[in-house]
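Data first, discussion second: the structure below is written as structure tokens.
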Amino acid sequence: MAQHPKKRFGQHFLVDPGVIDAIVRAVAPRPGEALVEIGPGRGAITMPLLERCGALTVIELDRDLAARLRRTPGLEVVEADVLRVDFAALPAAAGGARPLRIVGNLPYNISTPILFHLLQSVDRIADQHVMLQKEVVDRMVARPGRKDYGRLSVMLQWRYEVEHVLDVAPEAFDPPPRVDSAVVRMAPKPAAAGVDPKLLGELVTVAFSQRRKLLRHTLGRWLDERGASGDFDVQRRAEEVPVEEYLRLASDVAKATREGSAPPSRREGLGRERP
Ligand code: SAH
């Protein structure tokens, strides 16, 4: 008999065959690909994926569910907290020959941490199809000028093409979650040159710390402190600035910080003003 869903693991199992089919078609798995599913649960998406690609790695924290999944031939079951899994070290990624394709109906309570955890292995990943709260997906795909455009949009869009795939109503799950859901496709793109993710994260956090204010009150001061004001227009709100401009700014700040920390003699040599 199927076990009861456990609330602490964010278990909302997909039961709508139409939605399951739509997700599998969006992933369009092919034999030989290195698929990894996060939170397979009772296997709603797992089984149709497995049918199409013959082998699949799944990461499941719930010991009872993991035990059941282990009985299925073709499944490699990793019983672990996904936030502690090193994706680059998974057997499916052995030798780096096959980039990973990630799929998952994520536990919503930790969906954003999972996205940032996956970001650390972005270079080993071919693409990601994940289900999360619709409200989070709206922020992930938001473009500048929209009210949903914020830190999450910038921090994901700088490394992925992010595309909304489909909306999913609560009734598609057992038990139904209290929120609407959506599936998003994420395809990694090359990192912009000279951008340090940590510095970018800091910069974007400062920029969006007071969304309604002009940037000169927040980011402007932060840039001044780093001697990196340059020609960036701070007479705007954070939500008006496109991702590429944040990237260019992050790389400029890194450069200014490097120059600023050069020995005094060199600074004078460059004809810089002294305080
Ligand atoms: N994919 C299934 C289940 C989704 S519910 C379906 O669509 O029906 C979320 C799943 O993630 C559950 O199986 C839950 O046990 C699992 N899970 C929750 N927290 C986890 C974590 N930290 N690491 C790995 N799996 C987790």
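Remember, it's 1-based here, ligands and their atoms both numbered in the order they're listed. Position 1 is the first residue of the sequence; numbering continues from there.
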> Which ligand 1 atoms, with their elements, are less than 4.0 angstrom from a heavy-atom of L65?
Replying inline: 13 (O)
>> Show me which atoms of ligand 1 lie under 4.0 Å from any heavy atom of G10.
In response: 5 (S), 9 (C)
>> Suppose we measure from atom 12 (C) of ligand 1 to each protein heavy atom; which comes out shortest, and what is that distance?
In response: Q11 CG, 3.6 Å
> If two hydrophobic side chains count as joined below 4.5 Å and joins carry through other members, does V179 share a cluster with V165?
Replying inline: yes
> Between the side chains of Q133 and S111, does any donor sit under 3.5 Å from an acceptor?
Replying inline: yes
> Can you name the salt bridge (charged side-chain N to carboxylate O under 4.0 Å, His left out) partners of R151, sequence neighbours left out?
Replying inline: none
>> Students often mix this up, so state it plainly: with edges at 30° and 60°, are the rings of F208 and Y246 parallel, tilted or perpendicular?
In response: tilted
> Nearest to atom 16 (C) of ligand 1, what protein heavy atom do you find, and at what distance?
Replying inline: E60 OE2, 3.3 Å
> Which atoms of ligand 1 have any heavy atom of L14 under 4.0 Å away?
Replying inline: 6 (C), 7 (O), 8 (O)
> Among the clusters formed by ILVMFWY side chains lying less than 4.5 Å apart, do F13 and I23 turn up in the same one?
Replying inline: no
>> Applying the side chain to side chain donor-acceptor pair (under 3.5 Å) criterion to R70, which one of E76, E79, E60 satisfies it?
In response: E79
> Is it true that L61 and V85 fall in one hydrophobic cluster, defined by side-chain heavy atoms closer than 4.5 Å?
Replying inline: no
> What atoms of ligand 1 come within less than 4.0 Å of a heavy atom belonging to A44?
Replying inline: 8 (O)
> Identify the closest protein heavy atom to atom 22 (N) of ligand 1: which residue and atom is it, and at what distance?
Replying inline: D81 OD1, 2.9 Å
>> For ligand 1 and H12, I'd like to know whether there is a polar contact (N/O to N/O, distance under 3.5 Å).
In response: no
> Which residue, E163, Q128, H164, forms the side chain to side chain donor-acceptor pair (under 3.5 Å) with R185?
Replying inline: E163
> Which is it for I110 and ligand 1 at heavy atoms under 4.0 Å: side chain, backbone, both or neither?
Replying inline: side chain
> With distance as the sole criterion, is a donor-acceptor pair present between the side chains of Q235 and R216 under 3.5 Å?
Replying inline: yes
>> Check contact between K6 and ligand 1, using heavy atoms of the residue and a distance below 4.0 angstrom.
In response: no
> Would R42 count as a contact of ligand 1 if the rule is a heavy atom under 4.0 Å away?
Replying inline: no
> Looking at D62, which atoms of ligand 1 are within less than 4.0 Å of one of its heavy atoms?
Replying inline: 15 (O)
> Looking at A80, which atoms of ligand 1 are within less than 4.0 Å of one of its heavy atoms?
Replying inline: 23 (N), 24 (C)
> Counting each atom of ligand 1 from 1 as listed, which ones have a heavy atom of E37 under 4.0 Å away?
Replying inline: 1 (N)
>> Just to be sure I'm reading this right: ignoring hydrogens, which of V82, N109, N105 gets closest to atom 7 (O) of ligand 1? Compare them by their nearest heavy atoms.
In response: N105
> Which is closest to atom 1 (N) of ligand 1 by heavy-atom distance: P107, G41, G39, A66?
Replying inline: G39
>> Side chains of E37 and T46: any donor to acceptor distance under 3.5 Å?
In response: yes
